[in-house]
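One structure is given here, and the rest of the page talks about it.
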2 protein chains.
Amino acid sequence: MNQNLQYIQSLINHINKDVTLDEAGIEKLSSILVFKDLNKKEFLIEPGQTANTMNFIAQGCMRSYYLDENAQEHTLQLGIEEWWINDLYSYLSRKKSRMYVQALEKTTLVQLPRIVLETLFIEVPEISNFFRLKIQSAYVAVQERVIDSMSDDAYERYISFRKTYRDIEQRVPQYIIASYLGVTPEFLSYLRKKHS
Amino acid sequence: MNQNLQYIQSLINHINKDVTLDEAGIEKLSSILVFKDLNKKEFLIEPGQTANTMNFIAQGCMRSYYLDENAQEHTLQLGIEEWWINDLYSYLSRKKSRMYVQALEKTTLVQLPRIVLETLFIEVPEISNFFRLKIQSAYVAVQERVIDSMSDDAYERYISFRKTYRDIEQRVPQYIIASYLGVTPEFLSYLRKKHS
DNA sequence: GAAAAAACTTAAGCTATCTTAAGAAGCGAA
DNA sequence: TTCGCTTCTTAAGATAGCTTAAGTTTTTTC
């Protein structure tokens with residue numbers, strides 16, 4: 001039983017939720033995929049590197065975060081199976097990343113290298129459409145976060161985090177959730193107790 | 001002297017900073033432009049409407065904002081001459097906007113309606129590239145804002161606002177700047193005094 | 001399965017920011 | 001030029017969220 005074939009199938013199903021790939025498209029897509037395994041705590045990207053793949057999580061759990069001037073961690077993105085993870089800024093602008101992209105569990109990624117992906121966009125426009133939609137929803141998600149950070153207090157943000165990341169909450173340490181919400185771990189602990 | 005010709009020229013110069021338009025491209029672009037005048041405080045978009053143009057500010061000053069559950073205003077974007085203003089979420093997703101997009105001064109916009117713009121993308125790929133770059137930098141700007149809101153206190157955000165919006169700061173009331181920074185007008189006033 | 005490391009909780013004291021309220025200043029329209 | 005409306009300031013009291021520090025629980029490693 002080839003595990004990788006299952007991962008490819010999972011990627012194709014995922015893409016087919018938004019666009020319709022024909023057999024030829026599936027064939028071409030499959031031919032460019034790269035598999036990458038990461039151990040727990042291993043980094044996919046570190047500051048100074050440039051993101052040059054799109055990364056689909058086939059198995060495992062990842063996050064992206066950065067360190068501020070006081071060496072505080074701030075988590076920007078979390079993902080598990082069938083989510084995408086990247087420093088989209090670095091990937092799109094081709095500039096060096098300021099982020100860490102890290103595995104929180106033993107993880108397998110299905111990667112699409114930018115150079116071949118861009119050729120594929122011409123041959124299989126559905127795939128181009130798919131990624132346009134993805135980038136659009138990345139924009140929407142990050143704008144949503146700006147809005148929430150201005151309208152909601154920490155507890156409200158925690159509740160809406162639990163809605164958005166229902167399946168992820170159980171799999172990541174609480175101090176990472178705190179660093180996503182923009183509060184200290186102590187304060188998140190306090191909030192959970194207060195409202196329980 | 002045709003004022004509108006000047007505005008078209010300004011748009012073309014602006015686009016030419018990022019891509020190279022040939023004569024035919026300029027011609028085609030010019031043919032789809034629509035001019036729109038707004039009085040001070042007039043709305044371009046209100047909640048429930050759908051954004052279906054890209055809007056280049058030829059003259060004047062605009063902002064986008066939304067109201068939270070407590071009817072507090074939160075400013076998301078500000079712009080003056082040669083900036084773009086929109087609810088990009090609504091424009092891209094074609095869903096109803098939750099935003100107000102409003103003129104802060106008497107303003108003239110040069111508008112590019114989505115339907116003809118998308119046809120133009122096929123005929124003049126440079127224009128498609130230009131807007132891809134714009135959407136990319138919109139993403140980067142919003143992500144920057146998430147990062148700043150987590151790393152910086154209100155005074156640091158105010159300082160970096162003044163850098164980013166140097167020419168805009170003088171033209172908009174302070175309570176709008178406060179609503180952009182995510183603080184009360186009283187607190188911004190206090191910060192300005194304290195550090196002066 | 002014990003020891004070490006990582007994550008979580010609790011609590012006290014502190015700081016940033018908000019709320020409310022009132023007055024001052026600036027600006028636009030008649 | 002004045003009146004009315006909008007914006008800005010000041011200040012006192014309240015609250016959300018932070019810091020530090022210590023102790024507890026859970027997870028990882030050998």
Side-chain angles (χ1 to χ4, degrees), chain A residues 38-42 60-61 63 65 67-75 78 100 102-107 148-162 168-196, chain B residues 39-42 60-61 63 65 67-75 78 100 102-107 146 148-162 168-196:
Chain A
L38 294 165
N39 286 320
K40 185 167 178 173
K41 299 201 177 172
E42 197 177 340
C61 182
R63 72 155 166 163
Y65 69 97
L67 296 181
D68 71 17
E69 323 82 67
N70 307 313
Q72 293 297 122
E73 288 182 8
H74 297 280
T75 299
L78 288 166
Y100 296 88
Q102 184 190 35
L104 299 178
E105 303 173 359
K106 198 169 184 331
T107 294
D148 288 352
S149 80
M150 294 204 294
S151 319
D152 298 350
D153 67 18
Y155 186 68
E156 291 171 316
R157 294 198 312 272
Y158 175 55
I159 293 304
S160 91
F161 171 89
R162 297 178 64 170
I168 297 188
E169 198 200 347
Q170 279 72 16
R171 287 167 67 172
V172 310
Q174 214 166 284
Y175 77 88
I176 289 182
I177 297 177
S179 88
Y180 179 96
L181 296 173
V183 298
T184 58
E186 294 85 354
F187 189 57
L188 178 54
S189 177
Y190 161 79
L191 287 178
R192 283 162 53 87
K193 179 168 194 208
K194 179 175 155 196
H195 291 91
S196 65
Chain B
N39 287 319
K40 185 168 177 173
K41 300 199 175 176
E42 197 177 341
C61 183
R63 72 155 166 162
Y65 69 96
L67 296 181
D68 71 17
E69 325 79 69
N70 308 312
Q72 292 296 122
E73 287 182 9
H74 298 281
T75 298
L78 289 166
Y100 295 87
Q102 183 190 38
L104 298 177
E105 303 174 357
K106 199 169 182 328
T107 294
V146 171
D148 288 353
S149 80
M150 294 204 293
S151 319
D152 299 350
D153 69 16
Y155 187 67
E156 291 171 316
R157 292 196 316 271
Y158 176 55
I159 294 303
S160 91
F161 171 88
R162 296 178 64 169
I168 296 187
E169 198 199 349
Q170 279 71 16
R171 285 166 69 172
V172 310
Q174 212 165 284
Y175 76 88
I176 288 182
I177 297 177
S179 87
Y180 179 97
L181 296 173
V183 298
T184 58
E186 294 84 355
F187 189 57
L188 179 55
S189 178
Y190 161 79
L191 288 176
R192 284 163 51 89
K193 181 171 193 204
K194 178 175 156 196
H195 291 90
S196 66

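Numbered from 1 within each chain, the chains take letters A, B, ... in sequence-line order. Atom set for the values below is all heavy atoms of this structure, side chains included, hydrogens, waters and symmetry mates excluded.
The CG atom of B:Leu181 sits 15 Å away from the C1' atom of C:dC18 (whole-angstrom rounding). Put simply, CD on A:Glu105 is 10 Å from P on D:dT28, counting in whole angstrom units. A:Tyr190 places its OH atom 11 Å from the C1' atom of C:dA11, with the value rounded to the nearest Å. Nucleotide D:dT7 holds its P atom 10 Å from the CG atom of B:Leu104, rounded to whole Å. Spacing between atom CZ of B:Phe187 and atom C1' of C:dT15 amounts to 10 Å, rounded to whole angstrom units. Atom CG in A:Asp152 sits roughly 14 Å away from atom P in D:dA16 (whole-Å rounding). Rounding to whole angstrom units, CG of residue A:Asp153 and P of D:dT15 are separated by 14 Å. Across the protein-nucleic acid pair, B:Ile176 atom CD1 and D:dC8 atom C1' stand 14 Å apart, rounded to whole Å.
Picking from C:dT19, C:dC18, C:dC8 the nucleotide with the shortest atom distance to the side chain of B:Glu186 gives C:dT19. Taking every side-chain heavy atom of A:Val183 into account, D:dC18 is the closest of C:dA16, C:dC8, D:dC18. Considering only side-chain atoms of A:Lys41, the nucleotide from D:dT9, C:dT17, C:dA6 that sits closest is C:dA6. Closest approach to the A:Pro173 side chain among C:dC8, D:dA16, D:dT9 is made by C:dC8 (side chain taken as heavy atoms from C-beta onward).
Nucleic acid contact for A:Lys40: sugar-phosphate only, since backbone atoms but no base atoms lie under 4.0 Å from a heavy atom of the residue. Using a 4.0 Å heavy-atom criterion, one finds that B:Tyr175 contacts the sugar-phosphate atoms exclusively.
Closest heavy-atom contact between A:Arg171 and A:Gly60: NH2-O, 3.1 Å.
A close approach under 4.0 Å does occur between a side-chain nitrogen or oxygen of B:Thr184 and OP1 or OP2 of C:dC18. For A:Gln174 and C:dA6, the shortest distance from a side-chain N or O to OP1 or OP2 is not below 4.0 Å. Applying the 4.0 Å criterion to OP1 and OP2 of D:dC8, one finds that B:Lys193 has every side-chain N and O outside that range.
Between the CD atom in A:Gln174 and the CG atom in A:Leu181 there is a gap of 10.0 Å [rounded to 0.5 Å]. The CD atom of B:Glu73 sits 11.0 Å away from atom CE of A:Met150, with the distance rounded to the nearest 0.5 Å. Summarising the geometry, atom OG belonging to B:Ser151 is positioned 10.0 Å from atom CG belonging to A:Leu67; distances are rounded to the nearest 0.5 Å.
Closest-nucleotide positions on DNA chain C for B:Leu188 and A:Val172 were compared, and the one nearer the 5' end corresponds to A:Val172.
A donor-acceptor pair under 3.5 Å is absent between the side-chain atoms of B:Thr75 and the main chain of B:Tyr65, judged by distance alone.
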